[in-house]
Structure formats: structure tokens, C-alpha cells
Amino acid sequence: MIRFTKVRVPKENLLWGEGKGLKLALITLNTGRLTLPISSVAAGKRCLEISRRWSAERVQWGRPIGQHDAIAQKIGAMAANTFAMESVAELCGAMAERGGYDIRLEAAIAKLYNSEAGWRIIDDTLQIRGGRGYETADSLKARGEPAIPVERIMRDFRINLIFEGSSEIMHLFIAREAVDKHLQVAGDVVMPGKSLRQRLAGLGRSTLFYGWWYPSRWLGWGFWPRYAGFGSLARHVRFVERNARRLARGVFHSMIRFGPKLELRQAVLFRLVDVGAELFAMASTCARARWLLERDRSSGERAVRLADVFCRQARGRIRSKFAGLWRNEDVPTYKVAQEVLKGEHRWLERGMVELDG
Ligand SMILES: Cc1cc2nc3c(=O)[nH]c(=O)nc-3n(C[C@H](O)[C@H](O)[C@H](O)COP(=O)(O)OP(=O)(O)OC[C@H]3O[C@@H](n4cnc5c(N)ncnc54)[C@H](O)[C@@H]3O)c2cc1C
């Protein structure tokens, strides 16, 4: 516990200026937040090494476990995701270093995406290491085994989904950016408590704006031969182009469907944000693979294979998020949660000694 009681800070130690502290802290967060995505990449790389070695060494049912499909699937996804995480972090880092970009959204997506992807990688690594993954490094060492600290990595990594903006808060922050423009344009039409005059003025503004904006979210060419320079990855870049427009429509349709209540439908908003984050990761991954290919053919081709697997898997996740926008179990789930909070399902907790009992 740290307390600041009667602490005096010399005037010359004041950063920027009086009253500007919060702004400074928030600006710093954009670049500070980028340390998390890149440290998540480090965790991914270490896990990949641990998993690669163990999956080749450990033999079960007559084969190294890495040749059993269940484990191979994890390792393939781990390599593809580590490459994607690195692409996301490198792209955001390059944008921050070059300057002149507003990277609030990119930094937030990188933080959210890499910390969650990193967590899944660590979970898979622990599973691949089996009982040894669950053991502490000290326990392994005491038994004469290599002290591989997967348990410690898991414990230490978990905070990344909580601090510098928890995953939930990151989702809300990104969602607000997505709906902000619509609220500026159409807020007076949909928000409660507006006068008739405000609504009519808002309607005029919205008609003008959406008369161009909405059709342009349908029109656009996201097919061959566009992006042909990406070679075998071009189809994924085209998918990103088409689905970025689909995402914009999804945000708009959700606003029409839920109106001001959209703010309360966090599960809906989170799906939209997840689609945006996946699209950003796909775009970063394809761009980096192309760049690597241009620099060195043989290592670039390896990168393209990783990018391809990542994009194939991301497309599946995106399709399921889009499907979940309109068909989901959000309402009954929310209702049950409220029943739980009221204590209506305490019967389910029976059979245990109560926490404070
Ligand atoms: C090891 C460690 C180091 C830290 N270092 C720092 C530091 O250096 N500087 C610093 O400023 N802070 C630091 N923190 C604090 C950290 O930033 C907070 O713990 C974090 O922001 C979450 O806040 P909270 O713990 O109060 O959780 P709460 O805000 O109480 O959240 C609890 C849960 O509710 C969710 N939630 C909250 N609000 C909403 C909402 N509106 N909608 C949906 N879900 C919501 C959260 O995502 C979370 O899952 C540190 C914390 C730890 C554990």
C-alpha cells in the first residue's frame, strides 16, 4: 500500500504544466500501451519454443505428441498467432515512431488483441506440457527436470488483460470510437430528451450524411484483381476490404436496431469490436508477410504460410462474430445473471461451505 501524505514536489519537477496532468497521462497511455502488445509477443515466442521442444521430445502412444493432431493444431495456431501478434505490435510501433498519426485506436486494439491472444497461447502451452506445465519451475528442478516456468508465465501474464485498461474497458473504448461519428450526426434524432426542432435539424443532417455514407458502405470492389500485389495473400486482403465495409454497416444497423440502448448491449458492441480487431490483425499480418517476402524470398515464404493460416482462422472467427450479431443468447444470459445477483440461484451453491461460513 502506497500513501502520499504531506508529500511536497518541487516546482521544477512539474511535468508539462499545472492542470494538464490527466491529458499528459492519457497521451502517454497511447504509446505506453504499446509495451504490452510487444511483451505479449515475447510470451508467444517463449511459449512457441517451449511447445516446439516438448512436442518433439515427449512420446506418447508411439509418437511425439506434436504429431498427434490435437497438439499439432495448437502448435500451428500458436505459430500463426505469434506472427500475427508481432505484426500488430510492429505496425503500431512503426506508426508511433513515425509520428503524425492518431494511434489511439490502433494502440487500444493492439493491447486488447495481443493480451488475449497471448493468454490463449500460454493456456495451450500449459496443456502441451501436461502435468509439467502445471508444476512450478522449483518443483520440476527438485525432480531433476528442466525448470521450465510455464506456471509462472501464466500467473505473471494474466495481469495484461486487466491493467492499462481491462479487456472490457478496451472493448468499450474502441466501441465508443466506432459509434461516435454516428452519434455526432444522428444523435439528435435517436437520443431521448431532444426537442422537435433539434430532431428535425438532426434529421436534415443525417439525411445529407447517410445519403452518401450508407451506399458507399455497400459499393466498393473487394475482389480480383484488386490487391494482386499481395500474391497468395491477396484473397485475405480483399476479405478485409469487404468486411471492413460490412463492419461499418453492422455498426450502423446495430444503432438503428437498438437505438440509445446499444450502449447497454455490451455483448453486441464487443462482437463488433472483435471483428474490427481481427480485421486489423489480418491487415497487419498480410502487410508484414509481404514486406518480409520483398526483403528475403525464403524466409518471406515461411511468413506467408503463417499469415495464410492466421487469416484462414481469423476469417472463421469473424464469420461467427457477425452471425452472433443477430442471433445470440445475450438476453436470456443477462436475465439469468441478474437472477444470480438477486440470489435466486443460491440453491446451486449448496453442497459447499460458504466463503465466510
Ligand atoms: C499488479 C498490478 C499492477 C498495477 N499497476 C498499475 C499502475 O502501474 N498504474 C495504475 O494506474 N494502475 C495499476 N494497476 C491497477 C489496474 O489498472 C486496475 O486493477 C485495473 O484498471 C482494473 O481496475 P479494478 O481493479 O478497479 O477493477 P474494476 O474496475 O473493479 O473491474 C472489475 C471487473 O469489472 C469490469 N468492468 C469494470 N467496469 C466495467 C464496465 N463499465 N462495463 C463492463 N465491465 C466493466 C472490469 O473489466 C473487470 O473485469 C495495477 C494492478 C495490478 C493488479
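Nothing fancy with the numbering, it's 1 onward along the sequence. Both ligands and their constituent atoms are indexed starting at 1 by order of listing. Hydrogens, waters and symmetry mates are skipped; everything else that's a heavy atom, side chains included, is used.
- Ion pairing between a basic and an acidic side chain is recognised when a charged N comes within 4.0 Å of a carboxylate O; E90 and R288 show no such pairing.
- By the 4.0 Å N-to-carboxylate-O rule, E294 lies close enough to R290 to be salt-bridged with it.
- Side chains of Q127 and D123: a donor-acceptor N/O pair is absent below 3.5 angstrom, by distance only.
- Listed by chain and number, residues touching ligand 1 at under 4.0 Å (heavy atoms only) are I159, I162, F163, S166, E168, I169, L172, Q266.
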Open item on the list: Test side-chain contact (heavy atoms from CB on, under 4.5 Å) on E135 and R129; report intermediate values, then the result.
Closed with: CA-CA 10 Å; E135 273 186 86; R129 285 276 294 159; over 6 Å; no
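- Without hydrogens or angle criteria, R33 side chain to E164 main chain gives a donor-acceptor distance under 3.5 Å.
- Between H253 and W218, the ring planes are tilted. Angles from 30° to 60° get that label.
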